[in-house]
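Comments concern the structure below.
Protein chains get the first letters and strands the later ones, always in sequence-line order, with residue 1 at the start of each.
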Amino acid sequence: MSLTADKLTVAGRLTAASVALRPGEVTAILGPNGAGKSSLIACLAGLLDAERGTVALDRAALSALPPRERARAIGFLPQSAEVAWDMSVETLVGLGRLPWRQDRAEDEAAIADAIAAMDLADLKDRAVNRLSGGERARALLARVLAGQPRWLLADEPLANLDLRHQQALLARFRALADRGLGVVLVLHDLAQAMNHADRVIVMAQGAVAADGAPGEVLTPALIEQVWETQARWLGEPGQRALIVT
Amino acid sequence: MNRLNLTLVWLLVLAVPLSLLAGRVWIDPSGPLPAGATSIVMELRLPRAVLALLVGGGLGAAGAAMQGYLRNPLADPGLFGIAPGAALGAVLSLWTGYAAQGWTLPAFALIGAATAMALLALIAGRSGSVILFTLAGMMIASLAGALMSVAISLAPTPFALSEIVTWLMGALADRSWNDVWIAAPLCLAGIAVLASAGRALDALTLGETAARSLGVDPSRLRWLMIAGIGLTVGGSVAVAGIIGFVGLIVPHLMRPLTDGRPSQLLLPSALAGALLLLVADCLCRVLPLAGGELRLGIALSLLGAPFFLHLLLRLRKDLA
């Protein structure tokens, strides 16, 4: 099971970007604004066609897969938390079943699993519009999980969340990776990537600037080169803090 | 079938026979039948009731689908320019005098609707953007509206002018089984096409990106919307003229009774649209007006405009 991008090029956004992702890992895609993070994750999710290069899921070209088959394998959590119509949490989570052929028993089991995984059992009948920001983020993530994807790709999932909910969501991403899911997150906070990711992919000007374990990749030299900011790390592994100097 | 749909079906089962009894000549099923009762029911009221069901059902489903597609509770099937396109076709048939032959007016209206659909597909068919699609629809609507105004201001005879203005008000009076045969296949096929888009509309609840990630093909959905709205609205306008507000009000009334998914709103909106038009048409028929009966299009506008204002007032809090 693999998800790989080979020399992806999208004019003005990506330049020959290649990555090979592994299941069971939390991979963070990092980079300054405009570095191509969202474009890369959109290509990996099959939502943006590259002009050159290919994305392959289990060695088969993603663009050749029927959209519903792709949707069953790759769950995508967009940055927008939009839910156009008011509905219960359970109905919202059920939307994640759309790529599958309707089978009531399977659907109900998958929805119940996703609701349980996100600790939403008490809230399942509540209207989405009455949820707090953190609960809404969990409900939207449960929606993706209900599709039982093998890959979970999320574009800035921690934006608009307070510190406590950011930590809670990161813990859930870790738990999902431990269950064997490939988790890929676009993040802005280098310390979160350092402490919670198994691997980081650093983007700069549309290209992959570095790729590897966070402790090895996110050096002060690389941070200065990519973010044009002088910084150093404090603390122990797993509890690192970034000090801008 | 869930409880809401069953209730609506039962209401329709009750309302249809009642609508056959109501009118200028009231028919008391327990008393002696008035002269010509059979032909009044079979030739006048039954086709009219069937048309109300078809047109109301088509417009209700089209409104629910439009609101789901645009993710906007204020969307109306008229927005895409297909209804004004069909109306322009009908106006041209009246303007040229061809409408005197039975099938010409609906045929012209359908050509108008098809032209509007083709223009919409040509301008916005390939792009994925809902905004471009809506803007193109609005421009087609405003162009058709302007051309209708030209036709009205240059009407060849006062008779043609009065015919055009009266027709534009929308009505089901003096319709026959011929109109039913025109509207039935179009409205029913349109509702079926819109129903097939239900799951894609559900996915769109989460925005366009999420919908694509759920396997929705935006281009296929757009074609389904053009075809479904075109068939229902084109078929409706061809036989009944412009009947506004059904597509706006009905999905609104039904939405709180569903679980919020657009797919679950399509059938209740079709059934409730049919019921609303049937009841409104009966009221138009029985209201004692000196100059004839109230036009259905006007009656629904009288009902719909205050409703729309009420809706805006309610939404004001959310929008502020």
Side-chain angles (χ1 to χ4, degrees), chain A residues 38 41-49 62 65-102 107 124-125 127-129 136 139-141 143-144 146-147 149 151-156, chain B residues 2 63-75 126-130 195-222 251-266 268-269 314-315 317-319:
Chain A
S38 292
I41 205 167
C43 283
L44 288 167
L47 301 176
L48 176 65
D49 290 330
L62 196 60
L65 279 186
R68 280 170 73 160
E69 202 172 311
R70 183 203 70 217
R72 285 176 208 163
I74 301 175
F76 182 72
L77 184 64
Q79 205 176 339
S80 131
E82 178 181 356
V83 182
W85 309 108
D86 201 15
M87 51 181 62
S88 72
V89 169
E90 192 172 23
T91 307
L92 169 67
V93 174
L95 295 180
R97 296 300 296 167
L98 288 170
W100 296 88
R101 271 182 208 290
Q102 276 176 306
D107 288 351
K124 74 182 168 77
D125 297 320
V128 173
N129 284 352
R136 193 183 176 95
L140 287 165
L141 182 53
R143 187 280 292 171
V144 181
W151 293 90
L152 169 63
L153 276 51
D155 191 3
E156 298 195 30
Chain B
N2 64 28
M66 279 285 296
Q67 294 183 4
Y69 184 61
L70 299 181
R71 284 169 284 154
N72 188 332
L74 303 181
R126 281 187 199 161
S127 143
S129 158
V130 172
S196 73
R199 280 166 73 88
L201 293 175
D202 286 352
L204 215 50
T205 301
L206 300 165
E208 285 180 59
T209 310
R212 286 179 52 219
S213 78
L214 282 166
V216 170
D217 176 352
S219 151
R220 178 174 175 271
L221 178 59
R222 200 164 38 251
H252 260 286
L253 292 174
M254 291 299 113
R255 188 170 290 114
L257 306 175
T258 68
D259 65 10
R261 281 179 295 166
S263 65
Q264 300 305 302
L265 187 61
L266 290 169
S269 293
R314 248 183 33 189
L315 280 177
K317 277 187 224 146
D318 302 336
L319 297 174

Name the option with the most non-hydrogen atom pairs under 4.5 Å to chain B; the candidates are [options].
| options | answer |
| --- | --- |
| A:Asp86, A:Val83, A:Leu92, A:Leu47 | A:Leu47 |
| A:Glu82, A:Met87, A:Glu90 | A:Glu82 |
| A:Thr91, A:Val144, A:Leu153 | A:Thr91 |

Hey, could you give me the CD/CH2 distance between B:Gln67 and A:Trp85, rounded to the nearest 0.5 Å? 5.5 Å
Would you mind telling me which of B:Leu214, B:Asp217, B:Asn72 has the largest number of heavy-atom pairs within less than 4.5 Å of chain A? B:Leu214
Out of B:Gly207, B:Gly215, B:Pro256, B:Gly260, return the one with the most heavy atom pairs under 4.5 angstrom to chain A. B:Gly215
For [X], is it the side chain, the backbone, both or neither that has a heavy atom under 4.5 Å from a heavy atom of chain B?
| X | value |
| --- | --- |
| A:Leu65 | neither |
| A:Arg143 | side chain |
| A:Arg70 | side chain |

Show your reasoning for whether side chain to side chain contact (heavy atoms under 4.5 Å, CB included) applies to B:Arg261 and A:Leu95. CA-CA 9 Å; B:Arg261 281 179 295 166; A:Leu95 295 180; 4.0 Å; yes
Which atom of B:Ala210 lies closest to which atom of A:Pro78, heavy atoms considered: CB-CG, 3.8 Å
Heavy atoms of A:Ala71 and B:Ser213 approach each other most closely as CB-O, 3.2 Å
Report all side-chain donor-acceptor pairs from residues 197-204 of chain B shorter than 3.5 Å, counting only partners two or more places apart or in another chain.
residue	atom	partner	partner atom	Å
B:Arg199	NH2	A:Leu98	O	2.8
B:Arg199	NH2	A:Trp100	O	2.8
B:Asp202	OD1	B:Ser263	N	2.8
B:Asp202	OD1	B:Ser263	OG	3.2
B:Asp202	OD2	B:Ser263	OG	2.7

If I measure from the heavy atoms of chain A, does B:Pro73 come under 4.5 Å with its side chain, its backbone, both, or neither? both
